[in-house]
Amino acid sequence: IKLGSSTSATHFTLDTHYQLSNPAVAQGVEFSSNKHVGTKWYKFSVQCSYHKGVFSVWDTANSKWVATSIPCKRPAANTWQHLTVQTKIYNGKAVFQTISLNGVTHTVNKSFYPRKGVSSYSFGVHFQMNGNRSGDSYYAWLDNLKYTLW
């Protein structure tokens, strides 16, 4: 979802609560924010992979997930999870600073170069449910989604 435009923002916080109706059939969930700075596209995607049991972060320049050692376990059904992701643009890279899940904060300390694209100064957010191979259905709820930039 494109939210607006900024020429000066370099620090970002994505904060939300979420729950899943049937996490047993989910492969994971993805939360993302992004910022365009001229022709540079910085994508701050984090994936809670239930299959791997850890969070992964997105390497935009190389179009791949990079696993962290930060644990991410399959939650109980219909229980609220609280996620906060702190990121920034520094020295021309997308820097993943911290991931907090349910009050436990972990330092990520990973950074990646942006991808080239059309010139823009827009920013936005994205949420994605990752299902299983059988396509079993489940519901996801997001509440109090807040995106802050400065």
Q.
If we ignore hydrogens and angles and just use 3.5 Å, is the side chain of Ser6 paired with the main-chain N or O of Ser8 as donor and acceptor?
A. yes
With a 4.5 Å heavy-atom cut-off, do Val125 and Leu14 have their side chains touching? yes
For residues 57-67, the side-chain hydrogen bond (donor to acceptor under 3.5 Å, both in side chains) pairs (sequence neighbours left out) are Asp59-Asn62
Rounding to 0.5 Å, atoms CD1 (Ile1) and OG (Ser33) come to a distance of 12.5 Å
Notebook entry, point to check: So with a 6.0 Å cut-off around NZ of Lys88, is the heavy-atom count from everything else above 12?
Noted result: yes
When Tyr18, Tyr147, Phe44 are each screened for ring pair (Phe, Tyr, Trp, His ring centres under 6.0 Å) with Phe31, the one that passes is Tyr18
For the pair Ser21 (side chain) and Tyr139 (backbone), establish whether a donor and an acceptor sit closer than 3.5 Å, ignoring hydrogens and angles.
yes
Original post:
More than 12 heavy atoms of other residues, nucleotides or ligands under 6.0 Å from CZ of Arg74: is that the case?
Top reply: yes
Closest non-hydrogen atoms of Gly131 and Gln27, given as atom of the first, atom of the second and distance, are O-CG, 3.0 Å
Practice problem: I would like to know whether Ser32 and Ser45 meet side-chain hydrogen bond (donor to acceptor under 3.5 Å, both in side chains); could you show each step before the answer? | Solution: CA-CA 4 Å; Ser32 180; Ser45 296; 2.7 Å; yes
Asn109 CG: over 12 foreign heavy atoms closer than 6.0 Å = no
When you compare the side chain of Leu83 with that of Ile99, does any pair of heavy atoms fall below 4.5 Å? yes
- Evaluate whether atom NE2 of His51 has more than 12 neighbouring non-hydrogen atoms of other residues, nucleotides or ligands under 6.0 angstrom away. no
- Query: Are Tyr50 and Val29 side-chain neighbours, meaning at least one heavy-atom pair lies under 4.5 Å?
  - Reply: yes
Note to self: Could you check whether any side-chain heavy atom of Thr84 comes within less than 4.5 Å of a side-chain heavy atom of His82, counting everything from C-beta outward?
What the structure shows: yes
Practice task
Taking Lys35 for its side chain and Tyr121 for its backbone only, find out whether a donor-acceptor pair lies under 3.5 Å.
Solution key: yes
Value for OG1 (Thr10) from CG (Leu149), rounded to nearest 0.5 Å, stands at 9.5 Å
Fill in: Beyond-backbone contact of Asn34 with His126, side-chain heavy atoms, under 4.5 angstrom
no
Residues passing the side chain to side chain contact (heavy atoms under 4.5 Å, CB included) test with Thr79, sequence neighbours excluded, are Pro75, Ala76, Gln81
Taken to the nearest 0.5 Å, the spacing of Ile70 CD1 from Lys110 NZ works out to 8.5 Å
NE2 (His11) and OG1 (Thr87) are apart, to the nearest 0.5 Å, by 9.0 Å
OH of Tyr42 to CZ of Phe112, rounded to nearest 0.5 Å, is 14.0 Å
| request: Would you check if Thr148 and Asp15 make a side-chain contact, meaning some heavy-atom pair closer than 4.5 Å? | output: no
| Is any side-chain heavy atom of Thr98 closer than 4.5 Å to a side-chain heavy atom of Val85? | no
_Looking at Asn22 and Ala26, would you say the former's side chain and the latter's main chain have a donor-acceptor pair under 3.5 Å?_
no
Rounded to the nearest 0.5 angstrom, the NZ-OH distance for Lys40 and Tyr113 is 10.0 Å
Original post:
Do side-chain atoms of Ser49 reach the backbone of Lys52 as a donor and acceptor pair under 3.5 angstrom?
Top reply: yes
